Structures are given as C-alpha cells and as structure tokens.
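A quick write-up on the structure given underneath.
This one's a predicted model, so the numbers in the text were calculated from it and none came from an experiment.
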Amino acid sequence: MAKAIELLQWSKVMTAGSRNLEAGQVQEARNAFAEAVTLARRMVHLELLAFSLRMLGLANNRLGLPSEARQNLAEALELYRTANNRRGEAEALAGLAGAAYALEQIELAESLFEESCCLFEQIDEQLRKVMVLCDLGTLHGSVCNWDKALQAYDTALQLCRKLEEKHGQAEILVMLGELSRRQGNLEECAVHLLAASLLFASLGEQKSLASTLQYLGLTYHDMNETERGMDCHRRALSIWLDLGERQEAGLVLFALGKMAQSMGNFATAEEFLLQSLEFVHNDPESAGYRQQNLGGLYLVLHDLGKAEEYFIAALASFRQAGKQARAGEVLETLGFIREIAGDWQEAEKYYLQALDNLPESGGEKRRAELLRTLGLLYADQGQDKKAVRWLWSALDMFRSLDASEASRLEQDIQHLSHRIRRGGN
C-alpha cells in the first residue's frame, strides 16, 4: 500500500514538473523533478529514477547549469543501459549532447547526437531521429560547419517527406532558410521560407505562417525587393489581427513603417509607425523605439517641432524602461535639434546629459564623438579656449581607439589654437 501511495506521489510530482517545463517555468520544473528523483531513489525503482534524472538534467540544462545536467543525464544513461531500455538510452544521449554543446564541447556533442540518431533509427523512432538531426544541424551551424549542417537538415527533411510529416518539413525549411541567410544566400533563403509558408498555410497553422511571412518579408527587403517584403508583412499583419495578437501586430506595423521610409514613402511610413505606437502604450521600451523612429522620420522631413516632440516622448519612455544608453542616444539627437535651431544653451545641456548617460564601458567611441561635438559647439559660439579643452579630450580618446577621426581633429585644434593666439576667447 505504501508503495502505491509513493507511486501516486511520484506521478503527481512528475506531471507538475512536465507542465511547468512546458509553460516555461523551468525553476519550478527543476524543483519538481528533483523531488521526483528523491522519491524514485526511496522506492529503489530503476526505470522511474532514470526518467526523473533525465528530466532533471533537461531542466538544469535549460537553466544554464550544463555541468549539473551532464551529471544527471550520465547517471540516467547508465540506468537505462542496465535496464536495456534503448529508447531511454537514446533520449539520455541526446540530452548529454545538449549539455556538451552548452559546455562548448562541440566534437563530443556531435558524437553523442550521432549515437542518439543511430539508436532512434534502430528502434524505428523516426520522428525523434528527425528532431535530433535538427539539433545536430543547429550545432554545426553554430560553428559555421555549413556542409555538415546542410547534410543534417537535408536528411531530416527527406525523412519528414517520407513520413508525410508536413509540419516537420515546414519547420526544417525555415531552418534551412536561416542557414542560407547566415551564409549570405538571400535568394536561397527566400525559396526555403516561401516553401515553408505554403506548407504552414496548407496545414492552417496561422501563427507559424505569420511568423514565416515576417521572416520572408525581411529577406525580400534585404534583397532590395521591398514591395514584395511589404506584401508579406501585410499578410502577416492580417493574420495577427485576426488572431487578436496585438503585440505581434504592433511589431509588423513597425517593420512596415521602416520599410516604407526606406522607400521614401514618408506619409505611409508615418501612418504605420503611428498605428504601431497605438499597440504598445503599456510597454515603455517598445513605445520608446517607435517614438524615436517617428522623431527620426520628422527630422528627415525637416519638421523640427514634431521631431523634438517625439524625441522628448522617447526620452521619457526609455527612462521609464530603465534604458540609459537609449536615453543617451535620444539626448544627443535633441542636442542636435536645438543646435540646428540656434539654441546653444539647450544644445549644450542635452549633449552634457547624453555624456552622463553613456555606459562606463563599451561606449568609448560614442564618448569621443560627443566630446568632439561639444568642442565644436563651443567653437561655433566663439568660446575657443573651452572648445580646445574639449577637443583635446576627444583627440586623446580617438588616439587610444586608433580612430581615423584623430587626424581631422588635430587640424581643428590647430586652427582654434591659432585663432586663440591671434586674440580669440
């Protein structure tokens, strides 16, 4: 009776862990699987312990704990081999390959994936073999082993066709598209994505279809076929709106706005960007990006008033979202707008604030450019001595970066120094 109660408890814990894992609540899943391991050890049940350890290993790997995952999965593998459970063995090998990949042990991961594939083939688990082949393709693609990645994906694709598994075919075609894109083969990428779109459409899988159409649209845009790209995005937009997916619809509208602007269709771009902004009012970071782009659009149209209005709104949004670096970019642009308008004091204020918003590391080039901007601003106001001090600071930074701007800046400093010697400020 006690054993039956323990089995029931183990089953409940594993079910909860699996649901948490599926919902993306990985830490909760890990806790549940760890409890299941304890229960299985107490029952001295080899098969249940192996399964619990394997699921715990998968959760640990997803949490970025590959060493712990490897330990769990290695124990599970030995238990499956003792029990002569070949399916469990194949699953454990695939899990170990994932842990090795996370530990950047590429050759070991490749060997383990291949061993898992062979076992799934032997026990006629063809769909699981397809999934492992896709993982193998991803591994090879991550280290730019293009031929091996293509071979793995192509083998998986042919197997899906043999099994008449259309969803799998579509997913693999998207992977092949990504592989082609990473190699710079945009036309080949578009062919794969179009084929995937047709399959998703035939299956009625609207979310996958919309996502693939967006990817295809961006690919056409990069191929300078922006009209085709916008058509793909419009179709994706219609699907997202029908599904009530406002966040996704907002992203598509944003992309349409940027595409229209790249084509010089400024009125259409404005319309799309404004519509996109309506979808993200509760997300300050996303709102900031759209406001920043609208500001940039009005700047291109020489409407300084509207440009400043939207950049000020973007500044508030980025500050609310805690995006300091983005706020710095906007402050710099506001300084530029005020400088164009002839308001030197406001321009100086914005530039100094932008300087304060730069990250302490990684923003050296931007810092040097801002120092130069401030120096040139003071020079335009006739404050030559102050200008020289800022420009020297910029020059020191450009020299440390070995940047080409240094030689031009040296000439500016020489010119100002000469003007000071002749009686400048």
Side-chain angles (χ1 to χ4, degrees), residues 254 258 261 283-300 302 304 307-421 424-425:
F254 188 34
K258 296 180 79 170
Q261 184 173 346
D283 182 350
E285 183 179 359
S286 296
Y289 286 122
R290 285 148 181 78
Q291 290 157 343
Q292 187 178 21
N293 274 265
L294 277 161
L297 174 63
Y298 292 127
L299 201 54
V300 170
H302 306 292
L304 295 185
E308 188 169 23
E309 174 189 343
Y310 276 98
F311 278 119
I312 288 172
L315 177 62
S317 294
F318 285 135
R319 281 176 168 167
Q320 184 182 350
K323 296 297 177 180
Q324 184 178 351
R326 281 288 177 179
E329 289 178 19
V330 175
L331 284 163
E332 190 174 348
T333 307
L334 284 166
F336 173 68
I337 292 172
R338 287 291 86 206
E339 189 175 353
I340 293 173
D343 188 344
W344 309 112
Q345 289 184 334
E346 279 295 297
E348 178 190 27
K349 182 189 77 173
Y350 281 129
Y351 285 141
L352 288 171
Q353 288 180 26
L355 203 56
D356 289 339
N357 275 263
L358 282 175
E360 292 184 7
S361 62
E364 290 82 2
K365 182 74 179 289
R366 287 279 310 285
R367 186 175 300 278
E369 289 170 347
L370 266 171
L371 290 169
R372 177 179 59 186
T373 297
L374 276 159
L376 294 175
L377 177 70
Y378 293 131
D380 286 341
Q381 295 178 71
Q383 300 182 42
D384 293 343
K385 291 181 181 178
K386 195 172 185 178
V388 167
R389 287 197 299 272
W390 285 91
L391 291 174
W392 267 115
S393 297
L395 180 59
D396 287 341
M397 290 204 73
F398 278 127
R399 282 174 173 169
S400 69
L401 295 167
D402 196 24
S404 59
E405 291 90 344
S407 59
R408 176 61 186 274
L409 202 52
E410 287 171 352
Q411 295 175 12
D412 291 335
I413 292 172
Q414 289 173 5
H415 173 73
L416 283 171
S417 298
H418 182 66
R419 200 160 77 181
I420 291 170
R421 287 194 296 271
N425 294 320

### Task
Provide the closest heavy-atom pair for Arg372 versus Leu391 in the form atom of the first, atom of the second, distance.
O-CD2, 3.7 Å

### Query
Is the shortest heavy-atom distance from the side chain of Gln381 to the side chain of Lys386 under 4.5 Å?
no

### Task
Test side chain to side chain contact (heavy atoms under 4.5 Å, CB included) on Phe311 and Gln291 and set out the steps.
CA-CA 6 Å; Phe311 278 119; Gln291 290 157 343; over 6 Å; no

### Query
Within a strict 4.5 Å, meaning less than it, do heavy atoms of the Glu329 and Arg366 side chains meet?
yes

### Message
Less than 4.5 Å apart, side chain to side chain, heavy atoms only: is that true for Lys385 and Tyr378?
### Response
no

### Query
After noting the C-alpha distance and the side-chain angles of Tyr310 and Leu297, does the key distance pass the side chain to side chain contact (heavy atoms under 4.5 Å, CB included) rule?
CA-CA 10 Å; Tyr310 276 98; Leu297 174 63; over 6 Å; no

### Query
Under 3.5 Å, is there a donor-acceptor pair linking the side chains of Tyr298 and Glu308?
no

### Summary
For Arg319 and Ala327 the tightest heavy-atom approach is CG-CB, 4.2 Å

### Summary
In short, Gln353 meets Leu331 closest at the heavy-atom pair OE1-CD2, 3.3 Å

### Task
Mind listing the closest non-hydrogen atom pair of Ala354 and Gly328 along with its distance?
CB-O, 3.5 Å

### Task
Taking all non-hydrogen atoms of both residues into account, name the closest pair between Ala287 and Ser317 and its distance.
CB-OG, 4.2 Å

### Task
Locate the shortest heavy-atom distance separating Gln261 from Val300; write the atom from each residue and the value.
NE2-CG2, 4.2 Å

### Task
Kindly indicate whether the side chain of Leu355, heavy atoms from C-beta on, has any atom under 4.5 Å from the side chain of Leu371.
yes

### Task
Could you give me the CA-CA distance, side-chain angles and deciding distance for Lys349 and Arg338, then say whether side chain to side chain contact (heavy atoms under 4.5 Å, CB included) is met?
CA-CA 10 Å; Lys349 182 189 77 173; Arg338 287 291 86 206; over 6 Å; no

### Task
Any chance you could measure Phe254, atom CZ, to Leu294, atom CG, to the nearest 0.5 Å?
8.5 Å

### Task
Test Glu339 against every option in Tyr350, Tyr351, Trp344 by the side-chain hydrogen bond (donor to acceptor under 3.5 Å, both in side chains) rule and name the one that passes.
Tyr351

### Task
Look at the rings of Tyr289 and Phe318 and say which category their plane angle falls in: under 30° parallel, 30 to 60° tilted, over 60° perpendicular.
perpendicular

### Nearest-0.5 Å distance that lies between atom CZ in Arg389 and atom CG in Asp384
11.0 Å

### Message
As an exercise, state the distance from CD of Glu332 to CG of Leu370, rounded to the nearest 0.5 Å.
### Response
4.0 Å

